[in-house]
Undergrad: 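Quick one: structure below, then a few questions.
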Amino acid sequence: MKREGLPELKNVDGIKPVFRFAPNPNGPLSFGHARGIVINGTYAKKHEGTLILRFDDTDTTVKPPSLSAYGLIPKEVEWLLGRPADRIVIASDRIPQYYEHAEKMLEGEFGYVCKCSAEAFRGFREAKSNCPCRDKSVEENIQDWNKMLDGTYKPGDAVVRVKTDMTLKNPALRDWPALRMQDTITNPHPRPNIGSTYKVWPLLDFQSAVEDHLQGVTHIIRGKDLMDSTRKQTLLYEHFGWTYPETIYWGRVKVHEWGGFSTSKMRASIENGEYSGWDDPRLPTIQGLQARGIQAEALRNFWIELGVTQKDISVPLATLFSHNTKKIDDDAPRLSFIRNPVEVQLTGDVPDTVELPIHPNHSEKGVRTISLDTPSIYIESEDAHGTYRLKEFADIDASGNIESVERSDKRPIIHWTSSSTSKDATLMIPNQEEIQHISGRVESNNYSIGTIVQLERIGYSIITSDGYLLMHE
RNA sequence: GCUCGUAUAGUGUAGUGGCCCAUCAUAAAGGACUCUCAUUCCUUUGACCCGGGUUCAAAUCCCGGUACGAGCACCA
């Protein structure tokens with residue numbers, strides 16, 4: 001039995017499931033983020049549940065948030081899903097709630113303030129031995145906690161740890177850190193209302209775990225690199241007496257043509273001028289894909305088809321393109337683009353105009369009229385040898401003489417346009433390294449910027465202010 | 001090193017013990033349709049990592065090996 005769409009979810013009977021997509025708002029969303037949005041969003045829709053968009057913006061130094069992303073990301077999510085996220089949660093707005101739970105942890109004696117250095121603690125972790133801070137009384141812990149809050153301690157001096165078990169088989173789980181201090185005077189949080197307000201900040205595993213519970217998240221679908229996070233967080237949930245959400249993982253996806261782009265790598269390349277911006281069509285960002293004419297629905301179908309296996313996979317761009325072609329072909333008007341044009345003077349019985357269909361499968365879309373008031377046409381230099389047939393027009397001999405309007409033999413059919421019904425234009429082909437510019441003549445048209453057309457015998461293309469950007473064949 | 005995870009055609013994916021000499025998509029090749037190298041349709045090629053075990057029966061369960069990936073951050 002072939003399963004249609006995404007696999008069935010566990011534990012959805014009789015409930016309205018709650019999903020979340022939680023990016024770090026340190027830049028625009030990338031192709032990879034789209035997976036999280038599509039999968040979580042599709043499940044939410046299917047089960048009439050809720051999709052939370054959560055900004056995990058709790059690091060101000062290593063991965064500082066970018067202010068513009070807070071406005072941009074919800075729009076990107078909406079574009080991709082065709083509907084906005086049901087709820088937006090910003091972690092940096094929720095610091096008091098995290099503090100409250102940190103205090104409960106201290107009071108409940110399943111957390112402690114650790115004043116060991118990171119290196120020192122690594123030693124304890126490797127040796128499976130308790131750090132001396134572990135046995136402090138609740139009062140001492142609360143005292144130290146307050147010294148974190150009031151800045152008596154400085155970043156690096158103290159962290160709050162979750163008491164798990166230092167002899168746990170998996171070293172990653174041993175008394176993991178939940179909150180640490182950040183110098184928000186030197187590195188203020190970019191959101192003006194947060195700025196330097198807080199010195200103590202939760203780490204992802206703590207913030208995410210607490211917030212998932214607070215928001216009633218029922219299903220977490222995320223990368224398998226976060227498997228140990230699940231285990232850490234489950235330990236915390238046990239302390240709090242909560243039930244951990246159903247969790248599903250996916251493996252890493254690489255697109256053969258793109259390799260490994262990261263947000264920070266892209267930022268650097270944009271800043272040094274290698275790319276024009278986040279919307280450069282060569283970049284694997286949502287904006288880049290949009291600029292390249294990739295339809296939201298094609299992207300959704302692409303991710304749904306890949307599913308949620310834990311395999312690390314590498315897919316060719318052709319897979320995405322084939323989904324896109326299915327979406328755009330019926331609507332894409334046909335147009336002639338003549339690369340490296342060669343002018344040919346027609347002789348013989350030249351009509352005033354020639355009519356070509358706008359779309360071969362949709363005659364109701366009408367015709368385009370090519371004027372031959374001057375008997376001059378353009379064909380591609382590559383086609384300019386021997387006899388050929390001008391598509392939808394006439395058989396021509398090597399000198400430009402019209403031999404027959406009817407198709408008389410099997411000579412090659414080529415696309416063409418007339419001198420008077422065409423204008424100079426540029427075809428841009430986004431290769432990995434550079435955008436190749438090819439100058440030529442395009443058939444005159446009134447399509448607006450952003451229209452997706454099919455350049456006959458070349459491929460699908462989106463009209464930009466600079467010319468015709470080739471999307472794919 | 002320790003821990004965790006994954007292994008089905010070129011690339012993805014279905015398959016949770018007999019319906020599987022293994023599904024679908026994509027890619028490739030061929031063909032039909034078509035005045036596009038497009039769209040649509042048809043056909044072909046092509047896979048259960050290796051070795052043991054359990055069972056009447058294994059892609060599916062168990063053990064070992066191998067390969068690949070991830071975590072072991074006061075990043076997310």
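In what follows, every chain begins at residue 1, and chains take the letters A, B, ... in the order their sequences are listed.
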Undergrad: Determine whether any donor atom in the side chain of A:Arg334 lies under 3.5 Å from an acceptor atom in the base of B:A38, or the reverse, and answer yes or no.
TA: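 Indeed, a donor on one side and an acceptor on the other fall under 3.5 Å apart.
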Undergrad: Aromatic rings A:His213 and A:Tyr237: how do their planes relate, parallel, tilted or perpendicular, breaks at 30° and 60°?
TA: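 Aromatic pair A:His213/A:Tyr237 classed perpendicular.
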Undergrad: Does B:A38 have a Watson-Crick or wobble partner in any strand here, with both distances under 3.5 angstrom, and which is it?
TA: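 For B:A38, the partner nucleotide comes out as none, under the 3.5 Å rule.
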Undergrad: When you check the phosphate oxygens OP1 and OP2 of B:G69, does a side-chain N or O of A:Lys224 lie under 4.0 Å from one of them?
TA: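 So the side-chain polar atoms of A:Lys224 never come under 4.0 Å of the phosphate oxygens OP1 or OP2 of B:G69.
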Undergrad: Among B:C35, B:C72, B:G5, which nucleotide has an atom closest to any side-chain atom of A:Arg407?
TA: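 Among B:C35, B:C72, B:G5, the one nearest the side chain of A:Arg407 is B:C35.
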Undergrad: Just how far, in rounded Å, is P of B:C4 from NZ of A:Lys232?
TA: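 After rounding, the reported distance stands at 15 Å.
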Undergrad: At under 4.0 Å between heavy atoms, what does A:Asn24 touch on the DNA or RNA strands: base, sugar-phosphate, or nothing?
TA: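 Sugar-phosphate, no base atom in range.
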Undergrad: Does A:Glu305 get its side chain close enough to the base of B:U26, under 3.5 Å, for a donor-acceptor pair?
TA: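 Checked by distance alone, the answer is no.
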Undergrad: Looking at the side chain of A:Thr309, which of B:A14, B:A25, B:A76 is the nearest nucleotide?
TA: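 My answer, after comparing the listed nucleotides, is B:A14.
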Undergrad: Less than 4.5 Å apart, any side-chain heavy atom of A:Pro177 and any of A:Phe121?
TA: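 A:Pro177 does not reach A:Phe121 side chain to side chain.
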Undergrad: For A:Arg231 and A:Thr61, find the nucleotide of RNA chain B closest to each by heavy atoms; which residue's nucleotide sits nearer the 5' end?
TA: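 The residue mapped nearer the 5' terminus is A:Arg231.
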Undergrad: Check whether A:Phe124 forms a cation-pi arrangement with A:Arg134 (NZ or CZ under 6.0 Å from the six-membered ring centre, at most 45° off the ring normal).
TA: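 A:Arg134 over A:Phe124 ring: no.
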Undergrad: What is the separation between atom NZ on A:Lys365 and atom C1' on B:U39, rounded to the nearest whole Å?
TA: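 It is 13 Å, rounded to the nearest whole Å.
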Undergrad: Checking contacts here: which listed nucleotide (B:C72, B:A70, B:A38) is nearest the side-chain heavy atoms of A:Arg252?
TA: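 The answer is B:A70, which lies nearest to the side chain.
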Undergrad: Using a heavy-atom cut-off of under 4.0 Å over every strand shown, decide if A:Tyr460 touches base, sugar-phosphate, or nothing.
TA: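 Here A:Tyr460 touches the backbone only, sparing every base.
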Undergrad: Grab the CD-P distance between A:Glu382 and B:C37 for me, whole Å please.
TA: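 That distance rounds to 14 Å.
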Undergrad: For A:Leu455, which contact category applies under a 4.0 Å heavy-atom criterion: base, sugar-phosphate, or nothing?
TA: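 Touches nothing.
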Undergrad: Tell me whether the side-chain N/O atoms of A:Lys311 come closer than 4.0 Å to OP1 or OP2 in B:U8.
TA: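 Affirmative; the distance criterion is met.
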Undergrad: Whole angstroms only, please: what is the OH-C1' distance between A:Tyr153 and B:C74?
TA: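 Taking atom C1' of B:C74 as the reference, OH of A:Tyr153 is at 15 Å.
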Undergrad: Say you pick atom P in B:G51 and the same atom in B:C33; how far apart are they, in whole Å?
TA: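 Approximately 48 Å lies between the P atom of B:G51 and that of B:C33.
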Undergrad: Distance check needed: B:G69 P versus A:Leu226 CG, whole Å only.
TA: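 Atom-to-atom, A:Leu226 to B:G69, this comes out as 19 Å.
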Undergrad: If I take atom CG in residue A:Leu356 and atom C1' in nucleotide B:A38, what distance separates them, rounded to the nearest angstrom?
TA: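 Checked: the CG to C1' distance equals 15 Å.
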Undergrad: If you take atom types as modelled and just measure distance, does the side chain of A:Lys391 reach the base of B:C35 with a donor-acceptor pair under 3.5 Å?
TA: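 There is none.
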Undergrad: Determine: side-chain N/O of A:Ser229 to OP1/OP2 of B:G71, distance under 4.0 Å, yes or no.
TA: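 For B:G71, neither OP1 nor OP2 has a side-chain N or O of A:Ser229 closer than 4.0 Å.
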Undergrad: Please confirm whether the shortest side-chain N or O distance from A:Lys326 to OP1 or OP2 of B:U26 is below 4.0 Å.
TA: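 Yes, because at least one side-chain N or O of A:Lys326 sits under 4.0 Å from OP1 or OP2 of B:U26.
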Undergrad: Would you say the ring centroid of A:Trp201 lies under 6.0 angstrom from that of A:Tyr98?
TA: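 No: the rings miss the under 6.0 Å criterion.
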Undergrad: Where the side chain of A:Ile413 is concerned, which of B:A38, B:C74, B:C35 is the nearest nucleotide?
TA: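 Nearest nucleotide to the side chain: B:C35.
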Undergrad: Do any side-chain nitrogens or oxygens of A:Arg180 fall under 4.0 Å of OP1 or OP2 in B:C75?
TA: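 It does, given that an N or O in the side chain of A:Arg180 lies less than 4.0 Å from OP1 or OP2 of B:C75.
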Undergrad: If each of A:Glu392 and A:Ser322 is mapped to the nucleotide of RNA chain B with the nearest heavy atom, which maps nearer the 5' terminus, i.e. the 5' end?
TA: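 Closest to the 5' end, via its nearest nucleotide, is A:Ser322.
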Undergrad: Report the C-alpha separation of A:Asp329 and A:Arg334 in whole Å, then their side-chain angles, then the decisive distance to 0.1 Å, and conclude whether the salt bridge (charged side-chain N to carboxylate O under 4.0 Å, His left out) test is met.
TA: CA-CA 10 Å; A:Asp329 183 71; A:Arg334 269 46 177 177; 2.9 Å; yes
Undergrad: Please answer whether the main-chain N or O of A:Pro202 pairs with a side-chain N or O of A:Arg180 as donor and acceptor at a distance below 3.5 Å.
TA: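 Flag set: sc A:Arg180 to bb A:Pro202 pair under 3.5 Å.
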Undergrad: Round to the nearest Å and state the distance from A:Lys128 atom NZ to B:U3 atom C1'.
TA: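 Rounded to the whole Å, the gap is 10 Å.
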Undergrad: Rounded to the nearest Å, what distance is computed from the CG atom of residue A:Leu306 to the P atom of nucleotide B:U13?
TA: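 After rounding, the gap between these two atoms is 7 Å.
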Undergrad: Measure centre to centre between the rings of A:Phe31 and A:Phe302, then say whether the value is under 6.0 Å.
TA: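 Distance test on ring centres: under 6.0 Å, yes.
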Undergrad: Distance check, P atoms only: B:U43 and B:U23, in whole angstrom units.
TA: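 So the two P atoms sit 13 Å from each other.
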